[in-house]
Number of protein chains: 2
Amino acid sequence: MTDTYPLDSPSPYPAADIARAWQRERPGTPTDSIEIVTPLWRLAKLFADDRRRVLADLNIDPATLDLLSVLRRAGAPYQLTTRELAARTLVTAGAISQRVTRAESANLVTRTPAPHRAVLITLTPTGHALIERSVDQVLTRESALISSLTPESRAHLATALQSLLNDVTHQTSNQP
Amino acid sequence: MTDTYPLDSPSPYPAADIARAWQRERPGTPTDSIEIVTPLWRLAKLFADDRRRVLADLNIDPATLDLLSVLRRAGAPYQLTTRELAARTLVTAGAISQRVTRAESANLVTRTPAPHRAVLITLTPTGHALIERSVDQVLTRESALISSLTPESRAHLATALQSLLNDVTHQTSNQP
DNA sequence: AGCTAAATGTTTAGGTCTAAACGTGAGGAT
DNA sequence: ATCCTCACGTTTAGACCTAAACATTTAGCT
């Protein structure tokens with residue numbers, strides 16, 4: 001019984017092996033979350049890395065794509081405040097500020113002061129054009145990546161994920 | 001019909017709404033991956049953010065925890081090469097090198113040259129003690145976060161995720 | 001022996017994020 | 001009127017990553 005795996009093999013350590021290793025090394029370790037959390041993180045990383053590679057060819061980074069996407073999806077006149085952007089993208093207001101600064105210097109968005117100390121971020125024609133030619137490529141690629149799922153298992157998985165997301169969101173939202 | 005959501009509401013934009021918005025704005029956009037990929041990313045981010053907060057109290061960062069965990073799980077004598085670490089953690093060799101440098105200056109691991117130009121990373125007693133007192137807290141917290149799942153739905157979800165992970169890994173592994 | 005190709009770890013440049021400190025407006029209380 | 005507190009966006013420090021260039025060793029070939 002060997003302990004080595006081929007180094008180039010995909011997903012060399014299934015979650016079950018990780019849990020087993022903890023039990024062997026530290027009997028009683030609470031490992032029951034591993035079979036959910038580990039594949040979840042690995043999938044998210046694979047999708048993120050793949051998206052970064054797709055976008056590299058288009059000269060746009062994932063954070064900027066996310067920003068422009070939210071503005072584009074909001075519909076005309078394609079503008080939202082910093083705070084609304086933060087809420088829709090799950091990053092902090094500070095991160096949005098930095099994203100906007102980058103996108104602004106690439107002429108993809110503009111900043112406009114608004115009442116109540118808010119700042120409106122608006123998509124420029126250049127930004128609009130960029131998102132139009134990027135979004136289909138990204139989504140088509142991701143659609144291909146999950147094409148192994150049957151319609152039934154896809155619907156099942158989507159429901160399960162959304163349900164867990166609601167629950168975890170609720171549990172983590174009132175954090176210190 | 002208003003378009004505003006309460007900004008402090010959890011998960012303000014379900015994946016289904018995002019897909020709907022794209023269809024409204026750009027009919028024909030290939031949105032079928034969104035219901036899977038979006039909740040996946042959001043869950044991964046919630047777990048990552050939560051883990052970071054748990055670890056902040058213990059004075060350890062997530063990347064270092066990951067490094068020490070892999071070494072600890074490997075069993076005595078708690079040493080692996082850089083390349084093995086990279087394979088087990090899904091980050092690049094460069095990232096491992098940086099993690100090791102950080103952990104080394106905190107006296108948590110040591111570097112030892114090994115045959116074949118390899119470098120063995122070994123857990124120090126300090127590193128061993130740190131991982132022992134961290135791992136249970138992290139895993140217990142994550143177990144609580146998924147406690148809403150029934151045993152059946154948990155098993156179902158774990159299987160579905162692992163299966164999708166195998167598939168996506170295979171599709172993305174021979175990338176340029 | 002000498003050369004070349006592959007493998008391994010490190011460094012560097014650049015992007016990205018969070019948390020916390022900060023500056024500043026706006027509204028309410030007195 | 002004045003103060004106080006909250007809300008909002010920005011800035012900064014520090015963590016973290018990838019991709020690519022780099023340096024060095026090993027192994028195979030001639």
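In what follows, chains are A, B, ... by sequence order, proteins preceding strands, each numbered from 1. Because the structure is a prediction, the values reported are computed rather than measured. We use all heavy atoms of the structure for the numbers below, so side chains are in, but hydrogens, waters and symmetry mates are not.
- Within the nucleic acid shown, A:Ala95 comes within 4.0 Å of at least one base atom, counting heavy atoms only.
- Atom-to-atom, CD1 of B:Ile96 to P of D:dA19 comes out at 14 Å; the value is rounded to the nearest Å.
- Between atom OG of residue A:Ser69 and atom CD1 of residue A:Ile131 there is a gap of 3.5 Å, rounded to the nearest 0.5 Å.
- Here the C1' atom of nucleotide D:dC8 and the CG atom of A:Leu85 are 13 Å apart, to the nearest Å.
- Separating the CZ atom of B:Arg99 from the P atom of C:dG9 is a distance of 15 Å, rounded to the nearest angstrom.
- Following rounding to the nearest Å, B:Glu84 (CD) and C:dA7 (C1') show an atom-to-atom distance of 14 Å.
- The CG atom of A:Leu80 sits 11 Å away from the P atom of D:dG9 (whole-angstrom rounding).
- Where A:Thr101 and B:Ala93 each meet DNA chain D at their nearest nucleotide, the meeting point lying more 5' is that of A:Thr101.
- Per the geometry, CD belonging to A:Glu104 stands 12 Å off C1' belonging to D:dT10, to the nearest Å.
- Here B:Ala63 lies in heavy-atom contact (under 4.0 Å) with sugar-phosphate atoms only.
- Comparing A:Asp61 and B:Gln98 by the nucleotide of DNA chain C that holds the closest heavy atom to each, the one mapping nearer the 5' end is B:Gln98.
- Note on B:Thr92: a base of the nucleic acid sits closer than 4.0 angstrom, heavy atoms only.
- Using a 4.0 Å cut-off between a side-chain N of Lys or Arg and a carboxylate O of Asp or Glu, A:Arg53 and A:Asp49 do not qualify as a salt bridge.
- Between the side chain of A:Arg117 and the base of C:dT24 there is at least one donor-acceptor pair of N/O atoms closer than 3.5 Å.
- In this structure, A:Val119 and A:Asp49 both approach DNA chain D, and ranking their closest nucleotides by distance from the 5' end singles out A:Val119.
- A donor N or O paired with an acceptor N or O is not found under 3.5 Å between the base of C:dT8 and the side-chain atoms of B:Arg83.
- Just one residue in the list A:Leu80, A:Leu85, A:Val70 forms a side-chain contact (heavy atoms from CB on, under 4.5 Å) with A:Ile121, and that residue is A:Leu85.
- B:Arg111 has a side-chain polar atom (N or O) that falls below the 4.0 Å cut-off from OP1 or OP2 of C:dT10.
- Close to C:dA19, at under 4.0 Å from its OP1 or OP2, lies a side-chain N or O of B:Arg52.
- Taking atom CG on B:Leu90 and atom C1' on D:dC16, their separation rounds to 15 Å, with Å as the unit.
- Between A:Lys45 and D:dC17, a side-chain N or O to OP1/OP2 separation shorter than 4.0 Å is absent.
- Not one side-chain nitrogen or oxygen of B:Arg102 sits closer than 4.0 Å to the OP1 or OP2 atom of D:dG14.
- Across the protein-nucleic acid pair, B:Arg51 atom CZ and D:dA15 atom P stand 19 Å apart, rounded to whole Å.
- Between A:Arg26 and B:Asp136 there is a salt bridge, with a side-chain nitrogen of the basic residue lying less than 4.0 Å from a carboxylate oxygen of the acidic one.
- At the phosphate of D:dA27, OP1 or OP2 sits under 4.0 Å from a side-chain N or O atom of B:His116.
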Please test B:Asp66 against B:Arg99 for salt bridge (Lys or Arg N to Asp or Glu O under 4.0 Å), starting from the C-alpha separation and ending with a verdict. CA-CA 10 Å; B:Asp66 194 29; B:Arg99 286 182 177 188; 3.0 Å; yes

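- Atom NE2 of A:His128 has more than 12 heavy atoms from other residues, nucleotides or ligands within 6.0 Å.
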